[in-house]
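This report concerns only the one structure given below.
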4 protein chains.
Amino acid sequence: MTVIHIDGASGYAAGEVARLVAAHPEFVLGVLASASHPGVPLGDVFPSLQPLGATLATRTALDAAVREGDAVVFAGEAADAGGRVESHLSKGARVVDLSAAFRLRDLGAHRAWYGEPRLQRLNAVAAYGLTELHASAIAAAQLVANPGCYPTAALLALAPLIRSCDGRITNIVIDAKSGVSGAGRTPKPESLYCEVHDGIRPYGVRGHRHAPEIREQLAEIGCRAPFAFLPHVVPLSRGMLASCYVRFAGSAPPDGALEAAYRAAYDRSPLVDVLPLGTLPETRAVARTARAAVGLSRLADDLVVAACAIDNLGKGAAAQAVQNLNVMYGRKEDLGLDAVAAVA
Amino acid sequence: MTVIHIDGASGYAAGEVARLVAAHPEFVLGVLASASHPGVPLGDVFPSLQPLGATLATRTALDAAVREGDAVVFAGEAADAGGRVESHLSKGARVVDLSAAFRLRDLGAHRAWYGEPRLQRLNAVAAYGLTELHASAIAAAQLVANPGCYPTAALLALAPLIRSCDGRITNIVIDAKSGVSGAGRTPKPESLYCEVHDGIRPYGVRGHRHAPEIREQLAEIGCRAPFAFLPHVVPLSRGMLASCYVRFAGSAPPDGALEAAYRAAYDRSPLVDVLPLGTLPETRAVARTARAAVGLSRLADDLVVAACAIDNLGKGAAAQAVQNLNVMYGRKEDLGLDAVAAVA
Amino acid sequence: MTVIHIDGASGYAAGEVARLVAAHPEFVLGVLASASHPGVPLGDVFPSLQPLGATLATRTALDAAVREGDAVVFAGEAADAGGRVESHLSKGARVVDLSAAFRLRDLGAHRAWYGEPRLQRLNAVAAYGLTELHASAIAAAQLVANPGCYPTAALLALAPLIRSCDGRITNIVIDAKSGVSGAGRTPKPESLYCEVHDGIRPYGVRGHRHAPEIREQLAEIGCRAPFAFLPHVVPLSRGMLASCYVRFAGSAPPDGALEAAYRAAYDRSPLVDVLPLGTLPETRAVARTARAAVGLSRLADDLVVAACAIDNLGKGAAAQAVQNLNVMYGRKEDLGLDAVAAVA
Amino acid sequence: MTVIHIDGASGYAAGEVARLVAAHPEFVLGVLASASHPGVPLGDVFPSLQPLGATLATRTALDAAVREGDAVVFAGEAADAGGRVESHLSKGARVVDLSAAFRLRDLGAHRAWYGEPRLQRLNAVAAYGLTELHASAIAAAQLVANPGCYPTAALLALAPLIRSCDGRITNIVIDAKSGVSGAGRTPKPESLYCEVHDGIRPYGVRGHRHAPEIREQLAEIGCRAPFAFLPHVVPLSRGMLASCYVRFAGSAPPDGALEAAYRAAYDRSPLVDVLPLGTLPETRAVARTARAAVGLSRLADDLVVAACAIDNLGKGAAAQAVQNLNVMYGRKEDLGLDAVAAVA
């Protein structure tokens, strides 16, 4: 059994990590530290987690508990991540960082969105934790930068297409829709029920912190085509759909090649469901799970839409963190994560 | 045209007052003052109100603008109400207070829920603004204490029954369900979309600030039977249902008498719809309107359920404020308020 | 006062027409005919409309009541529209058709989506009722084909851009999101609460009946650039956002020209709100109203996103029908339609 | 491994049984029969269940597959249950019936709500499957009548109180609120998104089929006090709260006794969470799980509210069916059912 600690345990993603680890057959929950709620029963913060019987601890208690071989999931603010992560690494623990602090290698972009990076060398060595694309690096890493939810959905939708098209993509439009849990549990007016309910709201039109992350990762897999990214908040708690419109110079690859590329890409990925060509995924099919559903359809001779549905807190955050822990500790990628979504 | 100012204009109820006054044929919007957002276009706070073209002002600007004969709707915090309301009254303006500062005559209860009353003599003279029950007092008042949403729903459901039953009620249970807009626009964890969505949450089980208000007003109409009040938050933006279970010593009044009592009580009330006996109201029928729908049904020989559906921000707050202004200024009670709810 | 009858009065759009006409200062509700619910009180079908006191009638009763000078809003099925509309026209009534039966001039497209057109000559003469674009034709028309909701949103977003760009648009992607009321009130599994709630669902990926309507109308305003259209159902009752990504050969027009084009286009349109450049609209700002909000932003040198938010039952159906009636009968375009949306 | 077949597999409860059985460590899915959708992939009906790889079969195929020792969950219509259940029993299979066909011993009540009982002797022998109250009978039964969702919530809330109060209860009011999945997957106007969303609707005021079931089971545990039952639909997919107001002749039992009674009653029930006295449960804490949360609070000297939150499709239907199967086949009651709810 590997001990999994959580540093910053009062947010939604952290709560989901706790829930998944508590049910995992080979991981065990260690210390759940919260700077904001030390001493508070976990069930007071998350009523659904009351049966876990856990209590939030101080960061000091966490620091005293971390041992070599343990893992720490950091789920605090990016601005806090540097010192905390370094401390955990120095004890021989491996770290999955949910905070975005180590996702970008482009430090200029990091500065623009997250401030001065505290530990630039870690940005250079952290493995980018999109499990399906980087399993080897993740397996070997001490520090995994867990991806953002939008990059997860966009990259899973786009990667096989990019790899199969010989650089003939001329541009990409990513129109993404997300539930509001991605905005976190810190009270903000725009996250209030009455501000989200019964409405559709585009946002980030002048820029979004996930855009440079998508750019860097698209380049990583060989795509330097320009892309536009526009996110929208829609009234659901959990769920995200990235509808990616990919324009080709000349004809898009033939249907058979498209389908084959996706099937081959995710053949060994137990948590990615590839839909038949012409079918696009809906988010309810993956809600509250670790799964992603990917589909694509030709809209014109030179235009393909590739879409990916995930749960933004599941595959888009907490479940992918646990999936990465599985890979880091040599377990089956989907161990403890194979649940399918409820029918309603 | 009567000028209606708003003191404390950045909350939901205030926004709705502004919307209703702007469309009113005989009222005109005066100064919209906001201590928290002075200088901000109203449309930046409430995108739907952008067409009104208004800008939030300072309280100083409001104070300079108030004239004898004007009205001020106070929609700030109860703790602030004292000084502000006194200042407006001193200029000869009439005031409708949404803050609860002047609803309770029982100063002990006031202290328990709202702190030390600042202007106790105003608590003694304010008219309680449940329009259907107190129109004469409201017409004559300089200061109207606009009722809470739960008391509005409970009293409209219960008043005719109480008045027709000769004191034979032995006890009352008020099980109330509310949308979350009643909790206001100040960010709080329990008002977040992810904390309200897809759940039912009882609250206030150890006491709720509206309970003494209901008690005082029930006594006012002659009922001293014990009652229990339990509110629940359900996932909607606007809407409230009070299901009131009324137990009698011996048989409840016969059906014909029950129905007659309700029809008579609300015969001249254009904004109250009385449903046929045996039919209970649903909130969607009154959403975003000034209307109340009342229905009742006999559940046992000695037990009647009387239910009232309102929009908690409409008849439960802003629309009732405008209804009271209509009465105060000699207009038809439902002038500018006769809209019916959308079909979806 | 002009008498407005409704032929097919048990659906959501018809209910909204009834609500708007009942409150209109110069229109009066005539006969509300329903083949499926004759004799049923309107309030039994739509509880919110109970205060209107109307009862659904037979089509026979409607036929007996229609007089020259009256208007009929046809809100039944497209397959039924032919005979019914012809009958109303033959009596000298003017007709606004909500059913799609007369929107398409391309009869091949009509056949593919709606079956054999029954009255092809009416398809040739019906005015396309997008009020802002075709007011003169609407004013003169006996028969107005009320637009689909998606075409309304897409065309309001795109028209000024198309007209200002000298044919340099190379392609357009319309990613649209809609609430579920557009699917109507006939029970279908995919419209159930449990199938819509908490999810995002792309649909119509192999074709949607509104695509040929958009194509025909884009051509009408001079745009033959290829476009892709992908609609998504999101969990709200009423609201629609069309996010239109417009790619240019070379640079898009400069910011000042873009903004000027939109301001000029809608300068005299009281129901269209043009947002400042760089701001995109949200649907809550226009919910349950006749309004449209339009915004645009440059995403790249050669890429502009133009977005339009409407209420799919409001400006997207019923309110636009009443707006067209205003134009047809010489009233101010927004008479009875100037309400702004509630703040929550 | 015990084989679990499902007879009537296209409804929500059946889908959830399939999901739970597929993940169960000692049960295996047998034939999923659907009279309405034979030959259809399960994933086409329930997209979330696509990873199960199952296909719906005919009832004939099911009949050919049932073996002695297998179990069948009947999830069709009550009117169909008689013949189908008898056939399965005759092959030596054990049956859990979700249809209500065998819940009532009072055949008069059965006739009133479900029609003439087809197999009256089975009504007499079926074990009532409220696991926490009837585990011994369930363990021994060939046929288990799975309880209704409202009776499950009401009885779990009330049973310990009734058993601890020496018959001094004078009356009970059960005000229940439910999500809409309980109405099933068959399209009905009142289950449409637009009819449920953003509203609260009391129903069944003239009687509800679950009332006689509650009555019979309350009597079974020794309570013949009159009770009133009023259900309400609120806008959520899954979740139910029964707020039960219990009036005593004289004082209710003291706090310590109340709390002790509940703790003792559910001490050995791994799926029931008893909250501290004075805390009432919310439904989100048990959503999509097999759990029930129970809390109580004294509202007056002679009045206690006891509340129970369940997921109406979980503990209120499918998960309780699997819990009963665990008991019937000698497994640990919560085997495969110990998941806790997601944090959002």
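Note: hydrogens, waters and symmetry copies are ignored here, and every other heavy atom, side chains too, is used. Because the structure is a prediction, the values reported are computed rather than measured. Chain letters run A, B, ... following the sequence lines, proteins first, then strands; residues in each count from 1.
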| remark: To the nearest 0.5 Å, atom OG1 of C:T170 lies from atom CZ of A:R247 at 7.0 Å
| query | About how many Å separate CG of C:L303 and CZ of A:F227, when rounded to the nearest 0.5 Å? | reply | 12.0 Å
| said: Which one wins on heavy-atom pair count under 4.5 Å against chain A: C:V233, C:L280, C:I200? | reply: C:I200
| Which residue out of C:G179, C:A307, C:P226, C:C194 racks up the most heavy-atom pairs below 4.5 Å with chain A? | C:C194
| field | Any side-chain heavy-atom pair of A:E195 and C:R284 under 4.5 Å | value | yes
| note | Of the listed C:A344, C:G239, C:G278, the one with the largest count of heavy-atom pairs under 4.5 Å with chain A is C:G278
| query | Which atom pair, heavy atoms only, marks the closest approach of C:A228 to A:L299? | reply | CB-CD1, 3.9 Å
| query | Between C:D198, C:V173, C:V305, which shows the greatest number of heavy-atom pairs under 4.5 Å with chain A? | reply | C:D198
| query | Taking only heavy atoms into account, what residues of residues 202-223 of chain A are found under 4.5 Å from chain C? | reply | A:P202, A:V205, A:R206
| message | A:A261: which residues meet the side chain to side chain contact (heavy atoms under 4.5 Å, CB included) condition with it, sequence neighbours left out? | response | A:S164
| query | Does a side-chain heavy-atom distance below 4.5 Å link A:D175 with C:H232? | reply | no
